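A quick note: this is a predicted structure, and the numbers were derived from the prediction, not measured. Reminder, nothing fancy here: chain letters follow the sequence lines and each chain counts from 1.
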Number of protein chains: 2
Amino acid sequence: MLNLSVSTVSRALKDHPDISESTKQKIRDLAAVLEYEPNTYAINLRTNGSREFGVIVPSVSNYFYQSFISSLEEEARLYGYSLLILQSGDDPLIEQENLKRCRQTRVAGVFVAITSSTVDLTSFLKLTEIDIPVIFFDKVPSYEACNKVCVGDTSAAVLGAEALVQKGKLNILAVFGDPRMSITRKREEAFTHVIEKAELETTLTKAYAGSFLEALTVTEELLTKAERPDAIFCMSDEILTGVMKCLQKLNLKTPQDIGVIAISDGFIPTLYYPEITYAETSGTKLAKLSFTRMLSCLSGSPFVQELRLDSILVEGGSL
Amino acid sequence: MLNLSVSTVSRALKDHPDISESTKQKIRDLAAVLEYEPNTYAINLRTNGSREFGVIVPSVSNYFYQSFISSLEEEARLYGYSLLILQSGDDPLIEQENLKRCRQTRVAGVFVAITSSTVDLTSFLKLTEIDIPVIFFDKVPSYEACNKVCVGDTSAAVLGAEALVQKGKLNILAVFGDPRMSITRKREEAFTHVIEKAELETTLTKAYAGSFLEALTVTEELLTKAERPDAIFCMSDEILTGVMKCLQKLNLKTPQDIGVIAISDGFIPTLYYPEITYAETSGTKLAKLSFTRMLSCLSGSPFVQELRLDSILVEGGSL
DNA sequence: AACATTTCCGCAAACGATTGTTGTGGAAAA
DNA sequence: TTTTCCACAACAATCGTTTGCGGAAATGTT
């Protein structure tokens, strides 16, 4: 319409010095009128990159990933990125498919919380090789040479244990998650260590629950026995909800009848009265940290590192 | 490497009859060895379309959208689509930005739950014009000519009210959400209508709460007065959590001291003992319905329609 | 007036995949 | 021997944008 070549238009729209101001203005005006919008497909093809990140989680309807994704999206938006959400359903096969999808889609980078049974990391590493940074978060593999960002499992468990010791709780029930997960082992180890180091006459009962329901039943079983514990430690939000339902069922009040402390993102604890005391593992903070790490990977930082987020104790009234 | 042209390779990989079987096999083999993967950017450019849907919600960390997104992702995956998640933060300006992003990214379609203050629909309609279907879900505009999929607000509220009437509750406290939202008005209207139509000597107290916290305080205020209600109706999960926390605080038991019924997606009610009776508004079902609608839009169905999901009553033990 | 230097813009070649058209052998039919 | 036909594969254009290079006109310099 202006009798100008495509290249001139392209340059004008990018404010290239080669184009005269008058031409630029004409082009800009017409572009506005025509509501011109550059074709992202073509740009992607030419630049061989997109403004999208892949996010692979076991499930988005999870206490923790929800807040992680929410924060990550906000952060990404500020930098002009979007999030491609993929769920693995905690199935390594689907996880592989999703990873493939990320490769095909050629996302700018991938954030992933692996499934509890992921063992083969080769396809993750393959992504890194073709310059797609992979940031593992929360559920991270034990393999060394990869970027990991996770909450301080040790730190949180230690905080929880110390709070219990300090309150003088001597008969403690600790409910952990699936014992096959490394996160469970780490938290259990740290927790146990602190309790033992205190050198008190503490009775520590450990239980494991793979689900909300299991947490409920296993807790009920242990609480109806003689010698009721005077405090319960819950490794996660999922466990906490199970335990709390059990307490309601048995009509036990916190903190009078029994103390409760958890490791949590912070939402679930506020649902109860009094609010549950918890060691915070913030999805929000983790998201910000992960994003920062991703940006530095994209800008070429070759350093592979493991970042840990220290947790803090948030006092409710349940202990 | 095989001394073959690009076009031959392309055809071979698509099993085109023009290519001899021997050549095809050689190409397939080499492709496998080289781990060839077609460039999605180029395909998108050529076909002028992508296998991604945009999803715009006020926030992913919401009781309802969480399960919606989770189901939608599963459904999308089966059809080879992915989800681009965008949050509006309940801000119409950011919603516009996100919409623009969808246009630029040229997604195959958009699912959107509008903010409570969205009034201008022109940019949504503009998407439809350029053949990007827009499916409004849950929070839908009142404008007629668009595709809407939502839970039956009326249906759910009616179910709740009927259950209360049937249980012989005569002093009812109904807690609703922000009165400015159309969803609140619809539910309130339907609920009130059923109660009044029953022609009993029912005392109906209505309260409004814009947040979890407000629900807690307003309920507490009303419950500590003389003539305590014998049942509480909660319009949403958010209200329910506030009300339940209040009941814990006042040490009131359900159903002995007071009955509780809610409209909910179904997750929150299971956290309590006994589980809360609720009229279901399933995010999962809504997602499946929305996706089906999207598919038919993509296959060219020009029909614009409003779909409503009837809800069912799920009996807990709280009434 | 002759030459040097800007200024401004177009040409063409990428990016990778697809597809209508064309070309080239060889075998079968005339 | 010549013609016809088929099987197979290459050519070239296309999607929309970017960018190195070159060229023409305008301006500046002796």
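- Of the N and O atoms on the side chains of A/Ser301 and A/Ser296, not one donor lies less than 3.5 Å from an acceptor on the other residue.
- The 5' end of DNA chain D is approached more closely, in terms of each residue's nearest nucleotide, by B/Val9 than by the other of B/Ala42 and B/Val9.
- The shortest distance between the side-chain N/O atoms of A/Tyr36 and the OP1/OP2 oxygens of D/dT17 is below 4.0 Å.
- In this structure, CG in A/Asp91 is found 13.0 Å from OG in A/Ser59, a value given to the nearest 0.5 Å.
- At whole-Å resolution of the value, CD in A/Glu37 and C1' in D/dG16 are 14 Å apart.
- One interatomic measurement links the two molecules: CG of A/Leu45 to P of C/dA17, which rounds to 9 Å at whole-angstrom precision.
- No contact: B/Thr47 has no heavy atom under 4.0 Å from any strand.
- Note: CG (A/Leu4) to C1' (D/dT18) measures 17 Å, nearest angstrom.
- The distance from atom CG of A/Asn44 to atom C1' of D/dT18 is 13 Å, rounded to the nearest whole Å.
- Atom P of nucleotide C/dC8 and atom CD of A/Gln25 are separated by 15 Å, given to the nearest angstrom.
- Counted within 6.0 Å of CZ on B/Arg308, heavy atoms from surrounding residues, nucleotides or ligands total more than 12; the atom is thus considered enclosed.
- Computed from coordinates, the A/Tyr41 OH to D/dT18 P distance equals 16 Å when rounded to whole Å.
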I'd like a list of close polar pairs between nucleotides 19-23 of chain D and the protein, N/O only, cut-off under 3.5 Å.
{"from": "D/dG20", "atom 1": "N7", "to": "A/Arg11", "atom 2": "NH2", "distance (Å)": "3.1"}
{"from": "D/dG20", "atom 1": "O6", "to": "A/Arg11", "atom 2": "NH1", "distance (Å)": "3.4"}
{"from": "D/dG20", "atom 1": "O6", "to": "A/Arg11", "atom 2": "NH2", "distance (Å)": "2.7"}

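- The list of ring-ring contact (aromatic ring centres under 6.0 Å, His included) pairs with a residue in residues 68-95 of chain B, not counting sequence neighbours, reads B/Phe53-B/Tyr81, B/Phe68-B/Phe137, B/Tyr79-B/Phe291.
- In this structure, B/Ile27 places its CD1 atom 13 Å from P of C/dA17, rounding to the nearest Å.
- Mapping B/Arg106 and B/Pro17 onto DNA chain D by nearest heavy atom places B/Pro17 at the nucleotide closer to the 5' end.
- Using a cutoff of 4.0 Å between basic side-chain nitrogens and carboxylate oxygens, B/Arg103 and A/Glu35 are not scored as salt-bridged.
- Shown here are the side chain to side chain contact (heavy atoms under 4.5 Å, CB included) partners of A/Ile114, two or more places apart in sequence or in another chain: A/Glu95, A/Val112, A/Thr118, A/Phe124, A/Phe136, A/Lys139, A/Pro141.
- Contact detail for B/Ser142 and B/Lys148: the closest heavy-atom pair is O-NZ, 3.5 Å.
- As a whole-Å value, the separation of B/Ile43 CD1 from D/dG16 P is 17 Å.
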